[in-house]
Structures are given as structure tokens and as C-alpha cells.
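Quick note: residue numbers are just sequence positions, from 1.
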Amino acid sequence: MEDKMGSETEGPEMSLVCLTDFQDHAREQLSKSTRDFIEGGADDSITRDDNIAAFKRIRLRPRYLRDVSEVDTRTTIQGEEISAPICIAPTGFHCLVWPDGEMSTARAPEGLRWFQLYVHPDLQLNKQLIQRVESLGFKALVITLDTPVCGNRRHDIRNQLRRNLTLTDLQSPKKGNAIPYFQMTPISTSLCWNDLSWFQSITRLPIILKGILTKEDAELAVKHNVQGIIVSNHGGRQLDEVLASIDALTEVVAAVKGKIEVYLDGGVRTGNDVLKALALGAKCIFLGRPILWGLACKGEDGVKEVLNILTNEFHTSMALTGCRSVAEINRNLVQFSRL
């Protein structure tokens, strides 16, 4: 295997047994500018770090003497069965870490395909994209709400990361310290709640809103008849000092009153984290940065390993808390500590 710095990897292959192992190994592989792009948060990165720390403020309350000889991790989202409540979040520019980029990531998981849309100012372009993915068999439309403008990402500014060239100008990950060049598609700054009816008029796909953090917006999502919410703060990359995703989850779940499904991304690193998110009302979780770490380390195989490790950890967490099925995971399994 050749690493991302263009040199031969020596010695036996490193044993990567958890998601943070992949993080550490990916950091060694990638150029500083690419590493900073992936890891960076907005401003002081308070929210980025709190996404992880907030999970550690939650303690588990296991139940025993429950026959866990068979543990079933299967669940459903939008009426479709998945093997475990662990999915891949939309993240950009996978070619920065692996030559085949998103193609390798897409080949790694088996399952449903949802399409994430940054709303373009040109409505007809949005329509064309949506109709295309609908014809390709995608199962849902995910509209990202929290990026009317780009967050203040200091690492990218310091690294003079530029956003004015085309996607074909992406630097190969084997070029070492090259500054990554890419083009950010124009994003609408005028998108409003009433615009959702236009999207509903042009597609039969379920509409999922990504980026909601408050009960007020959750209630509006229900009012506007969308089918789901992804509680997300964009990995701490947009507005700093907002709630950690897991801390915002409880508020959002309470607000929707079971009328629509709620999912979560941000800060999930272990099977325990998946269990905690489901106990607090999420139907599934989405992984962002860990997928890129897996891709950087081993390409398609690395993404598969990351998903398998987390699924196996989640299976163990279920067994050790007395949960034989996802339906048995509930709020009584968790307690917020005062760390």
C-alpha cells in the first residue's frame, strides 16, 4: 500500500481497532492543509470539541439478567429496514484523502441512498438535480439548512485554502503538502420555511431537514410537513458555541412529539455513543469525520472497517445494557452526569 505522502508503507499493517485509531493513522497520512480542512471547526472550535465531550457527560444505566443470547441491531428509517442505526453523513471533497473519493465511499456501504442538497439560488438547477436523483433510485432528499453562509474556519484561512477553482482542479492526496483547491457551489442565502412547499411540489421523496438544533425550528418542521430532522451543528464547522448535537437532541425529540423521525450527527465515536443517541430519541446516527479517516487509511476497505467496528461496538453496548432489540433502547438507560 502506498500512503498519501507518496512513500511506501513499511512494516506490518497497523491494527486499527477503534475509530480514534483511524483518526490517529489518518493524521499521519495526510498533508497539514487537508488534515486541517477535515478536523477544523469554526472560530474557537468550542462546538466541535463539545460534540464529543457531551457524550461523555452521559452515563449508562445497564439492566441485567435479560437473555441477550440474540441481539438484533436492525431498525427502520423512513419505513426502510437497515442493518444497524449507523449511516454516513454528507461530507465533501473525499478526493482530498483518497484518489477515488466519493466513489470509494459509496461502494463501501450497502443500503439506502439519500441525496443531500445545498439549495442553489437557481431553482431550476435544484429541480434538475432532484429529478435526476429521484430517477436513480435515491430514497430521500436531505436539505441542509445551516449554511446560508460559510462558517469562519480559521485553519482554512491560515492555510490560504481557496474556493475559486473547479472540482477537476482538486489536488491528488499523493501530492503531499499541496493546498486543496475546490469550488463551493453557490448556496441560497434567502431560503425560508415557505420555500419548502416548492420542493414538496416537485418531488415525492421524503424531505429531511439537516441542521436543526432548537424546539422552535423542530415545531416548524412538523408544521411544514417534512418527514424528518437531522439534529446537527455541521460538525462544529458553522456557528461556534451552539449546543452539542447530543445536548440539542432531547429538546428536538420532545418538540416533534413522535410525529416525524429525528436523527443525529456530530460527535459519535463509539458504540456507547450510538446507544446514548438512540436512548435520547434518535432513530439513527450519521458519521462524518470518521468516514473520511477510514477512507484516508484504507480507501473503500477503511470505510467498511469503520462501519463494522462501530456496529460491533453498538452490538456489545446493547448486550451489556440488556437490550435485545433497538426497540428496547429507551430513556431509562441514560443519566446525565455533572462532570
Visitor: Rounded to the nearest 0.5 Å, what's the gap from CD on Glu305 to CG on Asn312? Could you check?
Guide: 11.0 Å
Visitor: CG/Leu310 to CZ/Arg269 distance, rounded to the nearest 0.5 angstrom?
Guide: 10.0 Å
Visitor: Checking Thr270 against Leu19 for the side chain to side chain contact (heavy atoms under 4.5 Å, CB included) test, could you report, in this order, the C-alpha distance in whole Å, the side-chain angles of both residues, the deciding distance, and whether it holds?
Guide: CA-CA 7 Å; Thr270 67; Leu19 270 56; over 6 Å; no
Visitor: May I ask whether Phe22 and Phe314 are part of the same hydrophobic cluster, defined by side-chain heavy atoms of I, L, V, M, F, W, Y residues being less than 4.5 angstrom apart, directly or through others?
Guide: yes
Visitor: With side chain to side chain contact (heavy atoms under 4.5 Å, CB included) as the criterion, how do Leu280 and Leu264 come out once you've worked through the C-alpha distance, each side chain's angles and the decisive distance to 0.1 Å?
Guide: CA-CA 10 Å; Leu280 292 171; Leu264 174 137; over 6 Å; no
Visitor: Restricting to non-hydrogen atoms, name the atom on Ser337 and the atom on Arg59 that form the minimum distance, rounded to 0.1 Å.
Guide: CB-CG, 4.0 Å
Visitor: Sequence neighbours excluded and cut-off under 3.5 Å, please list the side-chain donor-acceptor pairs for residues 205-229, or say none.
Guide:
unit_1	atom_1	unit_2	atom_2	d
Thr214	OG1	Asp217	N	3.3
Gln227	OE1	Ile207	N	2.8
Gln227	NE2	Asn225	O	3.1

Visitor: Using the test side-chain contact (heavy atoms from CB on, under 4.5 Å), find all partners of Ser317 that sit at least two apart in sequence or belong to another chain.
Guide: Asn272, Leu275
Visitor: Does a sphere of radius 6.0 Å around CZ in Arg61 hold more than 12 heavy atoms from other residues, nucleotides or ligands, not counting ones at 6.0 Å or beyond?
Guide: no
Visitor: Is there a side chain to side chain contact (heavy atoms under 4.5 Å, CB included) between Met103 and Trp98 once you walk through the steps?
Guide: CA-CA 10 Å; Met103 298 297 290; Trp98 193 260; over 6 Å; no
Visitor: When hydrophobic residues are tied together by side-chain contacts of less than 4.5 Å, even through go-betweens, does Ile38 share a cluster with Leu16?
Guide: yes
Visitor: Between Ala54 and Ala244, what is the shortest heavy-atom contact and its length?
Guide: CB-CB, 3.6 Å
Visitor: Are Tyr263 and Phe115 connected into the same hydrophobic cluster when the rule is that any two of I, L, V, M, F, W, Y join if their side-chain heavy atoms are below 4.5 Å apart?
Guide: no
Visitor: Do any side-chain atoms of residues 119-141 form donor-acceptor pairs under 3.5 angstrom with protein atoms, and if so which ones, sequence neighbours left out?
Guide:
unit_1	atom_1	unit_2	atom_2	d
His120	ND1	Asp122	N	2.9
Asp122	OD1	Gln124	N	3.0
Asp122	OD1	Leu125	N	3.4
Asn126	OD1	His120	N	2.9
Asn126	ND2	His120	O	2.8
Asn126	ND2	Asp122	O	3.4
Glu134	OE2	Thr203	OG1	3.3
Glu134	OE2	Arg204	N	3.2
Ser135	OG	Arg132	O	2.6

Visitor: Is there a side-chain contact between Leu287 and Ile86 in this structure, where contact means two heavy atoms from C-beta onward sitting under 4.5 Å apart?
Guide: yes
Visitor: Please report the interatomic distance CG(Leu320) to CG(Leu60), rounded to the nearest 0.5 Å.
Guide: 10.0 Å
Visitor: Step by step, would you call Thr311 with Ser83 a side chain to side chain contact (heavy atoms under 4.5 Å, CB included)?
Guide: CA-CA 9 Å; Thr311 299; Ser83 60; 6.0 Å; no
Visitor: Are Val306 and Ile285 connected, step by step, through hydrophobic side chains (Ile, Leu, Val, Met, Phe, Trp, Tyr) whose heavy atoms are closer than 4.5 Å?
Guide: yes
Visitor: Any pair with a residue in residues 321-332 that passes side chain to side chain donor-acceptor pair (under 3.5 Å), sequence neighbours left out, goes on the list, sorted by first then second residue, please.
Guide: Arg324-Glu328
Visitor: Does Arg107, at its CZ atom, have more than 12 non-hydrogen atoms belonging to other residues, nucleotides or ligands within less than 6.0 Å?
Guide: yes
Visitor: Closest heavy-atom contact between Val68 and Gly322?
Guide: CG1-CA, 4.1 Å
Visitor: Is it true that Ile143 and Trp114 fall in one hydrophobic cluster, defined by side-chain heavy atoms closer than 4.5 Å?
Guide: no
Visitor: Would you find a donor on one side and an acceptor on the other, under 3.5 Å apart, between the side chain of Arg48 and the backbone of Glu39?
Guide: yes
Visitor: Mind jotting down which residue pairs meet the ring pair (Phe, Tyr, Trp, His ring centres under 6.0 Å) criterion with at least one end in residues 68-90? Sequence neighbours excluded, please.
Guide: none
Visitor: Does some side-chain heavy atom of Leu307 sit less than 4.5 Å from a side-chain heavy atom of Ile291?
Guide: yes
Visitor: Which distance, rounded to the nearest 0.5 Å, do you find between the CG of Asp273 and the CD1 of Ile246?
Guide: 8.0 Å
Visitor: Which side chain to side chain donor-acceptor pair (under 3.5 Å) pairs, counting each pair once, include a residue from residues 279-289, with sequence neighbours left out?
Guide: none
Visitor: Please say which of Thr47, Asn51, Asp146 ends up in a side-chain hydrogen bond (donor to acceptor under 3.5 Å, both in side chains) with Asn233.
Guide: Asn51
Visitor: Is it true that, when you exclude Arg66 itself, more than 12 heavy atoms of the residues, nucleotides or ligands shown sit nearer than 6.0 Å to its CZ?
Guide: yes
Visitor: Between Gln116 and Pro90 (side chain of the first, backbone of the second, donor and acceptor by atom type, cut-off under 3.5 Å), is there such a pair?
Guide: no
Visitor: If you look at every heavy atom in Pro85 and Thr75, which pair is closest and at what distance?
Guide: CB-CG2, 3.8 Å
Visitor: What's the separation between atom CG in Asp21 and atom CH2 in Trp293, rounded to the nearest 0.5 Å?
Guide: 10.5 Å
Visitor: What do you reckon, is CD of Glu81 surrounded by more than 12 foreign heavy atoms closer than 6.0 Å?
Guide: yes
Visitor: Tell me whether Asp50 contacts the main-chain N or O of Ala53 through its side chain, where contact means a donor paired with an acceptor under 3.5 Å.
Guide: no
Visitor: Looking at Ile58 and Lys276, what are the two nearest heavy atoms and their distance?
Guide: O-NZ, 2.9 Å
Visitor: Measure the shortest side-chain to side-chain distance between Leu292 and Leu96 over non-hydrogen atoms and say whether it is less than 4.5 angstrom.
Guide: no
Visitor: For Leu295 and Thr105, work out which heavy atoms get closest and say how close.
Guide: CD2-OG1, 3.5 Å
Visitor: Find the distance between CZ (Arg154) and CG (Asp240) and round it off to the nearest 0.5 Å.
Guide: 8.0 Å
Visitor: Is a donor on one side and an acceptor on the other found under 3.5 Å between the side chain of Arg237 and the backbone of Gly40?
Guide: yes
Visitor: Ion pair present between Arg153 and Asp36, side-chain N to carboxylate O less than 4.0 angstrom?
Guide: no
